[in-house]
Amino acid sequence: MSITKQAGSAGGRTGDKVFSGAALGAGVLIMVVLFAVAVFLLVQALPAFTAAPADVTGGRGFTSYIVPIVVGTLIAAAIALVIATPIGVAVALFISHYAPRRLAQGLGYVVDLLAAIPSVVYGAWGASFLASQLKEPYQWLADNLGWIPIFAGPASSTAKTMLTAGIVLAVMVLPIIASLCREIFLQAPALHQEAALALGATRWEMVRMAVLPFARGGIISAVMLGLGRALGETMAVALVLSSGPLMASLIRSGNQTVAAEIALNFPEAFGLRLHELIAAGLVLFIITLVVNMVARWIINRHKEFSGAN
Amino acid sequence: MSKRIDVSDLNVFYGDFLAVEGVNITLDAKSVTAFIGPSGCGKSTFLRTLNRMHEVVPGGRVEGSVLLDGDNLYADGVDPVLVRSQIGMVFQRANPFPTMSIRDNVLAGVKLNNRRISRSDADALVEASLRGANLWKEVKDRLDKPGSGLSGGQQQRLCIARTIAVKPDVILMDEPCSALDPISTLAIEDLINELKDQYTVVIVTHNMQQAARVSDKTAFFNIAGTGKPGKLIEFSETTTIFNNPVEKATEDYVSGRFG
Ligand SMILES: Nc1ncnc2c1ncn2[C@@H]1O[C@H](COP(=O)(O)OP(=O)(O)OP(=O)(O)O)[C@@H](O)[C@H]1O
Ligand SMILES: [Mg+2]
């Protein structure tokens, strides 16, 4: 009796050891890979930072080269999130709390499917279909709202502009946000939803009292994941945007993003140009890191009231 | 204000499954009624039909009528949201909103439907409700702390405060003490005794002593077997149910000779 017991616990101990060893190994491996990537980027980027300003593309140093395309990247991502966040959250809420169960299942499936479409397909769709549909609206915007800097004319005749790229990015990140938010909304505790209903809350009030506050951190995470995709998206932007110098108007051709800049120029690059592009990659890497840290900070700030305790 | 409830020929379904059958019962105003019975006999299910919470469950529906001072809760055009603001509910597991402070928890129901309330009125209502739930002394210095930071018994009293803050006519309680220690249980039982001066109280409990201590009348529910619907077996004064019940099943159950 005691012998079998010991054997059993010894077996459990071996299992524990194997598992904790494997977990530790995996953790260390991730750190090593991340570290190696960072070191590679830094070493390869260094020449671009130290090069004479006149040698850098644009002829006025690395900062003047990188700032416009970083701003372009942020603009594209911002447009995408401004459009996709409210729609994504609304779609998720509809699926989780409003739609009849059959419809919700079908819709959930469609959303997951949309998230799996490769970005080059979205890019092709944006360039060949969406852009042609947007020519007239852009013309209208330029004619009627042209006094707002972001809608200043003349509107691009191909409509391959920043706004179009932003809309394509929005369509791409929408399913990510919607699908993650749906999962989170479905996990909102029934206990508190019933409490709200029993107090005489309407369905929308219940959502506001017992679903959205609970899902707050999750929504932010979902948006950050969407933002990550929008910042790093290469193909869709490269196909949709006819790039140019930084400008405020979103309906004229112009602007560029870091990821598209790298993708379009990398094949022919050598020497200093290659270092420049890698340095641009490093900058993108840092932006994503900062964005994620800010998101964590926002989520943690409200821990006390998060319901986790 | 306190109102009475008349239930007639009520059948309660989950989809096609008849969970509770043919209930006729009258719950008097300003009294405490206890529901007792073995697990699965439909006490919770029946209780939840009294404020139309049953239909929140997918497939949940009822036949028959529930009258609140003569008005049928299930008549066409009656808004369940309104019904629930008149008939409050306290759940088995204390469920204060974790994202809200103690104060906001108390005001949660009051602020619904876009109702506005001035700061001083809100303060007065928070204090009155917390006093009404015997919780004021314990939390008055930390009204802005999250409600989830209280002990289980305090959380349950917070839920009661939240329920009485909307001034309902009836308060339904589904095993409100089953997760609490004896001291907290006593605190809540005392509270129930005070609540009946103003409210119609209905309480589901597995604890016979508790039913005997707090209730004026007791309803015994039973079930013939798994898959069969639960039924109301006997309903009368609590002393009658516990001392000389009419039905054999009731006597067996209250004397512990069940099954
Ligand atoms: N959501 C549901 N869907 C389908 N059937 C349900 C659901 N909830 C309860 N039931 C069934 O209804 C019957 C009554 O359940 P109910 O929870 O009302 O019993 P109860 O008397 O409250 O039991 P307990 O004392 O254990 O709380 C049971 O047969 C149960 O399986
Ligand atoms: Mg129950």
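By convention in this document, chain letters (A, B, ...) are assigned in the order of the sequence lines, proteins followed by strands, and residues within each chain are numbered from 1. If you're wondering where the values come from, they're calculated on a predicted model, not measured in any experiment.
Rounding to the nearest 0.5 angstrom, the gap separating the CG atom in B/Asn95 from the CD atom in A/Gln193 is 11.5 Å. Rounding to the nearest 0.5 Å gives a distance of 11.5 Å between CZ of B/Arg93 and CD of A/Glu194. Rounding to the nearest 0.5 angstrom, the gap separating the CG atom in B/Leu107 from the CG atom in A/Leu199 is 11.0 Å. If you take CG on A/Leu212 and OG1 on B/Thr99, they are separated by 10.0 Å, rounding to the nearest 0.5 Å.
Residue pairs meeting the side chain to side chain donor-acceptor pair (under 3.5 Å) criterion with at least one partner in residues 68-77 of chain B, sequence neighbours excluded, are absent.
When all heavy atoms are compared, the tightest approach of A/Leu197 to B/Arg84 is O-CD, 3.1 Å. Here the closest non-hydrogen pair linking B/Phe97 and A/Ala210 is CE2-CB, 4.3 Å. Considering every non-hydrogen atom in both A/Arg101 and B/Pro58, the closest pair reads NH2-CB, 3.2 Å. Taking all atoms of both residues into account, the shortest heavy-atom contact from B/Phe91 to A/Ala195 is CE1-CA, 3.9 Å. Residue B/Ala108 comes nearest to A/Met209 through the heavy atom pair CB-CE, 3.4 Å, listed as atom of the first residue, atom of the second, then distance.
With a 4.5 Å cut-off on non-hydrogen atoms, B/Ile87 touches chain A through its backbone but not through its side chain. Heavy-atom distances place no part of B/Pro168 under 4.5 Å from chain A, backbone and side chain included. Neither the backbone nor the side chain of A/Arg203 has a heavy atom closer than 4.5 Å to any heavy atom of chain B. With a 4.5 angstrom heavy-atom cutoff, B/Arg162 touches chain A via backbone and side-chain atoms both. For A/Ala190, no part lies near chain B; criterion is any non-hydrogen pair under 4.5 Å.
For B/Phe17, the CZ atom counts as densely surrounded, since its 6.0 Å shell holds more than 12 non-hydrogen atoms of other residues, nucleotides or ligands. Counting heavy atoms of neighbouring residues, nucleotides and ligands inside a 6.0 Å radius, atom CZ of B/Arg142 exceeds 12 of them.
Counting only distance, with no hydrogens or angles, the side chain of A/His192 and the backbone of B/Pro96 share a donor-acceptor pair below 3.5 Å.
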